Amino acid sequence: MAGRVRHPIDVGALEAYLAQYVPEIQTPLDVKQFGYGQSNPTYQLTSPDGKRYVLRKKPPGKLLSKTAHRVEREYRILAALAASTDVPVPRPYCLCEDASVLGTAFYVMSFLDGRIIEDPAMPDVTSPEARRAMWTDAVRTLARLHRVDPHAVGLGDYGPSSSPSDRSGEGRGGGGGGGRKQGGFYARQVSTWRTICAAQAAARDTDTGEPVGQLPHFDDMMAFFADAARQPAGRATLIHGDYKIDNLVFHKTEPRVIGILDWEMSTIGHPLSDLANLMNPYLTAALDPARVHAHKGFLPGATPGLPTMSEVASLYFSFVSSPSIAPSPSSLPSLSSSEPAHYPSQSETTADQARDLQWAQAFSMFRQAAICQGIAARVATRQASSAQARRYADARAPLAEFAWELVREIAGAGGHSSSGSEGKPRL
């Protein structure tokens, strides 16, 4: 919900800018600030005719990272997707890179009047049918994004620049999601996280001088993930970077996604990184909730209507490989209905797809552990002190142990998926 403005902006300057460049947005504006969007301050603008808009801007002051807070990239991908694809996104109205207006770059987009569901198990959704249909459309929407040809929408250069070694592909050929063959994503991820984790491990506690320390099994996991022969088949699509249920806006009454939010981490990368991120609650559900955030609603049978992990994977591969994706439903199918295109059986997910997804899930879990290690570094240097921050910091070791367990499962199975129970951390 939008409320008190915590980071004031020059409303007069904003109104003058909009009057010149976006006259359809009426002024004067009522301005409030959303509680989310802490990385990039996010505001709700309400015009005299009652229409609402959203403004996102870079934070004030000196930015510590040149790669963070890139609202220009957010605007660029929103504009491209809104113009010529069936991927549901807010309509972007303008991008202002003139810092003299509001102090930093900003853009304005439409406000999506729908439901943002913070709990991915959707406990407040009224029926199992609705829950199943909404999760299905979340998967369908992800497949729509991954089917977009970046070059066809003017985003061929949206990802990191390719080196000659990138152009030869990555890992095995074939499999994976849609998109052009253009390797290097996971190789870059491994290299980047190796450097980041080393720096985080060296951070020392302000009072005791004790280092944060490296993640358990770090060197062994890096060796496994760096092995190009094991990495997922070299694919490259537009990826969101943080695709999950609470970054989606659902229609107020219908079981369909009307918009994807928070594109700050978007790039050209491997599509399975998005799918693995969406599926993380399934993987961690069986872990000890005293040590990590484990959502028991994702245990087998715990939440009526919630698709299983295998169903989510099979749905994704069915959608992304089909000749076309049908429109999202405006009404609820019954649980026995064959819509949408039925829930494919696990056997319809190929061995290569299953193997690649397992690898991506293991890497996603390692990445979660590394993120928690970063929080531990900030706690150690007193840049973070809340109880929640400390809990995330304490989760780094058990998450790393779990990532290592997933790696060992893959290595022990020769890289092939297991058909074990849904309670196991496997496809």
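The residues of the chain are indexed from 1 along the displayed sequence. When reading the values below, keep in mind they use all heavy atoms of this one structure, side chains included, and skip hydrogens, waters and symmetry mates. In this text the structure is predicted, and so the values were computed from the model without any measurement.
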> With distance as the sole test, does Thr208 use its side chain to make a donor-acceptor pair with the main-chain N or O of Glu210 at under 3.5 Å?
Replying inline: yes
> Roughly how far apart are Arg367 CZ and Asn280 CG, rounded to 0.5 Å?
Replying inline: 9.0 Å
>> Rounded at 0.5 Å granularity, tell me how far CZ in Phe298 sits from CE in Met309.
In response: 11.5 Å
> Roughly how far apart are Asp30 CG and Ser47 OG, rounded to 0.5 Å?
Replying inline: 10.0 Å
>> Determine whether Gln383 and Thr381 satisfy the following criterion, side chain to side chain donor-acceptor pair (under 3.5 Å), listing intermediate values before the conclusion.
In response: CA-CA 6 Å; Gln383 294 175 300; Thr381 56; 3.1 Å; yes
>> If we check side chain to side chain contact (heavy atoms under 4.5 Å, CB included) with Asp274, which of these qualifies: Leu238, Leu142, Thr237?
In response: Leu142
> Going by heavy atoms in the side chains, are Pro216 and Trp404 under 4.5 Å from each other?
Replying inline: no
> In Å and rounded to the nearest 0.5 Å, what is the CE to CG distance from Met365 to Asn277?
Replying inline: 9.0 Å
> From Ser273 OG over to Ile239 CD1, what is the distance, rounded to the nearest 0.5 angstrom?
Replying inline: 3.5 Å
> Under 3.5 Å, is there a donor-acceptor pair linking the side chains of Thr42 and Arg56?
Replying inline: yes
>> Does Arg256 qualify as a cation-pi partner of Phe250, given the criterion of NZ or CZ under 6.0 Å from the six-membered ring centre and within 45 degrees of its axis?
In response: no
>> If we count only N and O atoms by modelled type, under 3.5 Å, do the side chains of His240 and Asn247 hold a donor and an acceptor together?
In response: no
>> Checking Ala19 now: which residues fulfil side-chain contact (heavy atoms from CB on, under 4.5 Å) with it, not counting sequence neighbours?
In response: none
> Distance-only, no hydrogens or angles: does the Thr267 side chain make a donor-acceptor pair with backbone N or O of Gly269 under 3.5 Å?
Replying inline: no
>> On a heavy-atom basis, which atom in Ala201 and which in Pro211 lie closest, and how many Å separate them?
In response: O-CB, 3.7 Å
>> Would you call the rings of Trp359 and Phe224 parallel, tilted or perpendicular, taking 30° and 60° as the class edges?
In response: parallel
>> Taking the side chain as everything from C-beta on, heavy atoms only, tell me whether Ile371 gets closer than 4.5 Å to Tyr392.
In response: no
>> Run Arg52 and Asp113 through side chain to side chain contact (heavy atoms under 4.5 Å, CB included) and show every step you take.
In response: CA-CA 9 Å; Arg52 288 179 287 178; Asp113 190 11; 3.6 Å; yes
>> Do Thr141 and Tyr243 pair up side chain to side chain, a donor and an acceptor below 3.5 Å, judged on atom types alone?
In response: no
> Looking at Phe111, Tyr43, Tyr93, which one forms a ring-ring contact (aromatic ring centres under 6.0 Å, His included) with Tyr53?
Replying inline: Tyr93
> Does the side chain of Leu399 come within less than 4.5 Å of Cys372's, by heavy atoms?
Replying inline: yes
> Which atoms form the tightest heavy-atom contact between Arg396 and Ala393, and what is the distance?
Replying inline: NH1-O, 2.6 Å
>> side chain to side chain contact (heavy atoms under 4.5 Å, CB included) for Ile116 and Leu248? Distances and angles first, verdict last.
In response: CA-CA 6 Å; Ile116 295 178; Leu248 306 178; over 6 Å; no
>> Closer than 3.5 angstrom, by distance alone: can the side chain of Arg235 be matched with the main-chain N or O of His270 as a donor-acceptor pair?
In response: no
> What residue among Glu97, Arg76, Glu74 forms side chain to side chain donor-acceptor pair (under 3.5 Å) with Tyr107?
Replying inline: Glu74
> Quick check: does any side chain N or O of Arg131 sit under 3.5 Å from a backbone N or O of Pro304, one acting as donor and the other as acceptor?
Replying inline: yes
> Between Glu24 and Lys51, is there a side-chain N and carboxylate O pair less than 4.0 Å apart?
Replying inline: no
> Any side-chain donor-acceptor pair under 3.5 Å between Gln388 and Ser386?
Replying inline: no
> For the residue pair Tyr186 and Phe363, is the inter-centroid distance of their aromatic rings smaller than 6.0 Å?
Replying inline: yes
> Cut-off 3.5 Å, side chains only: do Gln373 and Gln214 have a donor facing an acceptor?
Replying inline: yes
>> So which atom in Asp98 and which in Ser100 form the shortest heavy-atom distance, rounded to 0.1 Å?
In response: OD1-OG, 2.6 Å
> Looking only at side chains, do Asp137 and Ser328 share a donor and an acceptor under 3.5 Å apart?
Replying inline: yes
> Distance-only, no hydrogens or angles: does the Ser191 side chain make a donor-acceptor pair with backbone N or O of Ala187 under 3.5 Å?
Replying inline: no
>> Any heavy-atom pair between the side chains of Gln353 and Asp356 that's under 4.5 Å?
In response: no
> Between Arg291 and Asp394, is a salt bridge (charged side-chain N to carboxylate O under 4.0 Å, His left out) present by the stated rule, with each step listed?
Replying inline: CA-CA 7 Å; Arg291 304 186 71 199; Asp394 291 343; over 6 Å; no
> Can you tell me if Gln33 uses its side chain to pair, donor with acceptor, with the backbone of Ala2 under 3.5 Å?
Replying inline: no
>> So Val22 and Val108, do their side chains get closer than 4.5 Å, heavy atoms only?
In response: no
> So do Val212 and Gln200 actually touch side chain to side chain, heavy atoms under 4.5 Å?
Replying inline: no
> Can you list the steps and then say if Leu81 with Ile77 is a side chain to side chain contact (heavy atoms under 4.5 Å, CB included)?
Replying inline: CA-CA 6 Å; Leu81 293 175; Ile77 192 169; 3.8 Å; yes
>> Can you confirm whether Phe106 sits close enough to Leu14 that some side-chain heavy atom of one is under 4.5 Å from a side-chain heavy atom of the other?
In response: yes
>> Could you tell me if the side chain of Val153 sits less than 4.5 Å from the side chain of Thr85, heavy atoms only?
In response: yes
> Do Arg382 and Asp205 meet the salt-bridge criterion of a basic N to acidic O distance under 4.0 Å?
Replying inline: yes
>> Asp119: which residues meet the side chain to side chain donor-acceptor pair (under 3.5 Å) condition with it, sequence neighbours left out?
In response: His295
>> Ignoring hydrogens, what is the shortest heavy-atom contact between Ser266 and Arg73? Give both atom names and the distance.
In response: O-NH2, 2.9 Å
>> For Lys296, I'd like to know if atom NZ has over 12 heavy atoms of other residues, nucleotides or ligands within 6.0 Å.
In response: yes
> What pair of heavy atoms forms the shortest contact from Val312 to Met279, and how long is it?
Replying inline: CG1-CG, 3.9 Å
> Would you call the rings of Tyr282 and Trp135 parallel, tilted or perpendicular, where under 30° means parallel and over 60° means perpendicular?
Replying inline: perpendicular
> Are the side chain of Gln361 and the backbone of Leu283 linked by a donor-acceptor contact shorter than 3.5 Å?
Replying inline: no
>> To check you understand the geometry: which heavy-atom pair defines the closest contact between Pro59 and Asn40, and what is its length?
In response: CD-OD1, 3.7 Å
> Hey, does the side chain of Arg115 reach the backbone of His251 with a donor-acceptor pair shorter than 3.5 angstrom?
Replying inline: yes
> Do any N or O atoms from the side chain of Ser318 and from the backbone of Ser314 form a donor-acceptor pair under 3.5 angstrom?
Replying inline: no
> Going through the distances and angles, do Leu306 and Arg132 end up as a side chain to side chain contact (heavy atoms under 4.5 Å, CB included)?
Replying inline: CA-CA 5 Å; Leu306 195 68; Arg132 196 171 184 87; over 6 Å; no
> Atom NE2 in His293, atom CZ in Arg391: separation rounded to 0.5 Å?
Replying inline: 7.5 Å
